[in-house]
Amino acid sequence: MQFLLPGQGVSTHYMEVTQAEAGSESVRLRAAWKDDELPVRQRELVDKQLAAYRRGEAVDVFDVLVKSLRELQGGTGAMRVLEIGCSSGYYSEVFRIAGLDVIYTGCDYSDAFIAMAMQRHPGLQFDVQDATALKYADNAYDVVISGCCLLHIPEYQAAVAETARIASQYAIFHRTPVVLGQQNKYYRKQAYGVEAIEIHFNEPHFLQLLADSGLELLSTHTLDETVSQGVGNATRTYVCRRKAA
């Protein structure tokens with residue numbers, strides 16, 4: 001096979017694989033995100049982005065999530081927010097810089113990321129959790145953010161269902177890669193130097209999954225999009241409301 005995308009940026013060396021290959025590879029690579037070196041490598045990029053954000057510069061991935069939360073808040077007081085796939089908890093810093101009134105909790109699959117998060121933000125709650133089997137109670141948080149982690153979870157349907165279960169009001173699927181006019185695409189890649197699987201979701205099927213999980217789509221924010229004759233790809237943030245039972 002040949003490399004499909006240029007070796008640039010955080011994720012590099014993309015190679016397309018079949019769904020079956022992705023399933024078997026995901027078993028082999030399940031511990032990839034627990035690599036002890038990942039948090040330090042990611043913070044090198046994140047700290048630069050946070051510094052720019054503090055200077056008042058636009059950072060699109062921060063701006064989109066802040067805008068989404070601000071529109072939901074509507075002056076109703078502090079929202080209880082859980083971020084799934086929180087890494088080192090840096091979005092708690094983003095929300096603080098932006099002046100959002102939130103009570104933040106983060107969880108991640110990686111012990112190393114959670115250790116760094118607890119060290120950097122000792123006053124906040126962080127938990128090691130599996131996105132497909134969360135230990136939180138039903139309706140535990142006002143807003144649950146799936147923070148750019150679904151793309152690395154082969155059992156993403158279970159992760160979406162868990163996100164919806166935990167959310168009492170809203171669920172946000174941040175930085176979700178989707179494909180248009182194509183079925184799901186599966187890739188093996190390098191992320192911060194660690195081998196991993198990445199899924200790009202067929203958008204209509206993904207939106208149906210959200211609906212089937214009891215979520216109503218409120219708004220969509222597009223971070224990037226390339227489409228030609230109905231075929232292409234995009235990265236979007238989907239803001240949903242929990243449907244009444």
Side-chain angles (χ1 to χ4, degrees), residues 42-43 45-108 113 117 120-121 123-127 131 134 136 139-151 159-160 162-178 201 203 206-207 210-211 213-225 234-244:
Q42 188 192 66
R43 283 305 302 208
L45 170 63
V46 167
D47 284 337
K48 292 176 183 176
Q49 292 177 310
L50 287 170
Y53 203 58
R54 290 189 185 95
R55 294 193 297 267
E57 298 177 20
V59 179
D60 58 355
V61 293
F62 295 170
D63 293 335
V64 161
L65 192 52
V66 167
K67 181 175 188 274
S68 299
L69 285 173
R70 192 165 278 143
E71 289 175 347
L72 296 179
Q73 194 156 23
T76 58
M79 295 186 299
R80 297 166 301 149
V81 173
L82 170 69
E83 183 187 7
I84 303 169
C86 70
S87 301
S88 59
Y90 61 89
Y91 266 106
S92 68
E93 299 172 57
V94 171
F95 299 156
R96 186 168 60 250
I97 295 166
L100 289 176
D101 189 10
V102 301
I103 301 169
Y104 177 94
T105 299
C107 68
D108 199 278
F113 266 124
R120 287 188 171 244
H121 313 289
L124 299 179
Q125 178 183 341
F126 293 98
D127 305 301
L134 296 167
Y136 304 109
N139 308 312
Y141 292 88
D142 300 319
V143 184
V144 179
I145 300 165
S146 181
C148 195
C149 60
L150 278 184
L151 71 165
V160 169
E162 281 291 89
T163 299
R165 181 182 68 80
I166 300 303
S168 66
Q169 297 183 55
Y170 303 105
I172 300 175
F173 298 87
H174 187 39
R175 297 172 58 195
T176 306
V178 295
F201 306 99
E203 187 170 44
F206 183 75
L207 295 178
L210 299 184
S213 300
L215 299 171
E216 174 191 2
L217 183 65
L218 294 179
S219 60
T220 303
H221 303 285
T222 298
L223 290 156
D224 59 69
E225 181 178 69
T235 305
R236 310 197 203 279
T237 292
Y238 300 96
V239 182
C240 304
R241 175 167 46 210
R242 176 85 176 270
K243 296 177 185 176

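Because only heavy atoms are used, hydrogens play no part in the values below, and waters and symmetry mates are left out as well, while side chains stay in. These figures come from a predicted structure and were not determined experimentally. Residue numbers start at 1 and run along the sequence shown.
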Discussion item. Could you work out, with side chain to side chain donor-acceptor pair (under 3.5 Å) as the rule, every residue matching Tyr136, not counting sequence neighbours?
Written reply: Asp127
Worksheet item: With sequence neighbours excluded, what pairs up with Lys67 under the salt bridge (charged side-chain N to carboxylate O under 4.0 Å, His left out) test?
Response: Glu71
Item to complete: Please list, chain by chain and in numerical order, all residues satisfying salt bridge (charged side-chain N to carboxylate O under 4.0 Å, His left out) with Arg242, sequence neighbours excluded.
Response: none
Worksheet item: What are the two closest heavy atoms between Gln42 and Ser87, and how far apart are they?
Response: OE1-CB, 3.2 Å
Worksheet item: When you check the gap from the basic side-chain N to the acidic O, do Glu216 and Arg241 get nearer than 4.0 Å?
Response: yes
Worksheet item: Just by distance, do the side chain of His174 and the backbone of Val61 share a donor-acceptor pair under 3.5 Å?
Response: yes
Fill in: Listed partners of Ser213 passing side chain to side chain donor-acceptor pair (under 3.5 Å), at least two apart
none
Discussion item. Minimum heavy-atom separation for Asn139 and Ala167, please, with both atom names.
Written reply: OD1-O, 3.6 Å
Practice prompt. Report the C-alpha separation of Tyr53 and Asp63 in whole Å, then their side-chain angles, then the decisive distance to 0.1 Å, and conclude whether the side chain to side chain contact (heavy atoms under 4.5 Å, CB included) test is met.
Written response: CA-CA 9 Å; Tyr53 203 58; Asp63 293 335; 3.2 Å; yes
Practice prompt. Kindly compute the distance separating CG (Leu69) from CE (Met79), expressed to the nearest 0.5 Å.
Written response: 4.5 Å
Discussion item. Within the structure provided, determine whether Leu72 and Leu218 are in side-chain contact (heavy-atom separation under 4.5 Å).
Written reply: yes
Practice prompt. Just jot down the side-chain contact (heavy atoms from CB on, under 4.5 Å) partners of Ala159, sequence neighbours excluded, or say none.
Written response: Ala131, Thr132, Leu150, Ile153
Worksheet item: How many angstroms lie between SG in Cys86 and OH in Tyr91, if you round to the nearest 0.5 Å?
Response: 12.0 Å
Worksheet item: Rounded to the nearest 0.5 Å, how far apart are CG of Leu207 and CZ of Phe173?
Response: 10.5 Å
Discussion item. Between Ser168 (side chain only) and Tyr141 (backbone N and O only), is there a donor and an acceptor less than 3.5 Å apart?
Written reply: yes
Practice prompt. Sequence neighbours left out, what passes salt bridge (charged side-chain N to carboxylate O under 4.0 Å, His left out) with Arg236? Give chain and number order.
Written response: Glu203, Glu225
Discussion item. For Glu93, give me all partners under salt bridge (charged side-chain N to carboxylate O under 4.0 Å, His left out), at least two apart in sequence or on another chain.
Written reply: Arg43, Arg54
Practice prompt. State the CD1-OG1 distance between Ile84 and Thr163, to the nearest 0.5 angstrom.
Written response: 3.5 Å
Worksheet item: How far does CD1 of Ile172 sit from OG of Ser219, to the nearest 0.5 angstrom?
Response: 8.0 Å
Discussion item. So if I apply the side-chain contact (heavy atoms from CB on, under 4.5 Å) rule between Val64 and each of Thr235, Thr237, Val59, which one comes out positive?
Written reply: Thr237
Worksheet entry | Val94 side chain reached by Leu50 side chain, heavy atoms, under 4.5 Å | yes
Worksheet item: Passes side chain to side chain contact (heavy atoms under 4.5 Å, CB included), Asp47 versus Tyr90? Steps please.
Response: CA-CA 9 Å; Asp47 284 337; Tyr90 61 89; over 6 Å; no
Discussion item. For Lys48, I'd like to know if atom NZ has over 12 heavy atoms of other residues, nucleotides or ligands within 6.0 Å.
Written reply: no
Item to complete: Answer yes or no: is there a side-chain heavy-atom contact under 4.5 Å between Thr105 and Ile103?
Response: no
Item to complete: Could you tell me which residues satisfy ring-ring contact (aromatic ring centres under 6.0 Å, His included) with Tyr238, sequence neighbours excluded, listed by chain and number?
Response: Phe206
Worksheet entry | For Arg96, side chain to side chain donor-acceptor pair (under 3.5 Å) partners two or more places apart | none
Fill in: Under the side-chain contact (heavy atoms from CB on, under 4.5 Å) test, residues paired with Ser92 that sit two or more places apart
Tyr104, His121, Leu124
Item to complete: Examine distances only and state if a side-chain atom of Ser88 and a backbone atom of Ala117 form a donor-acceptor pair shorter than 3.5 Å.
Response: no
Worksheet item: What's the spacing between Cys107 SG and Phe113 CZ if we round to 0.5 Å?
Response: 13.5 Å
Worksheet entry | Taking every non-hydrogen atom, the tightest pair across Arg70 and Ala98 | NH2-O, 2.7 Å
Worksheet item: What pairs with Arg120 under side chain to side chain donor-acceptor pair (under 3.5 Å), at least two apart in sequence or on another chain?
Response: none
Fill in: Over all atoms of both residues, closest heavy-atom pair of Ala78 and Asp142
O-OD2, 4.3 Å
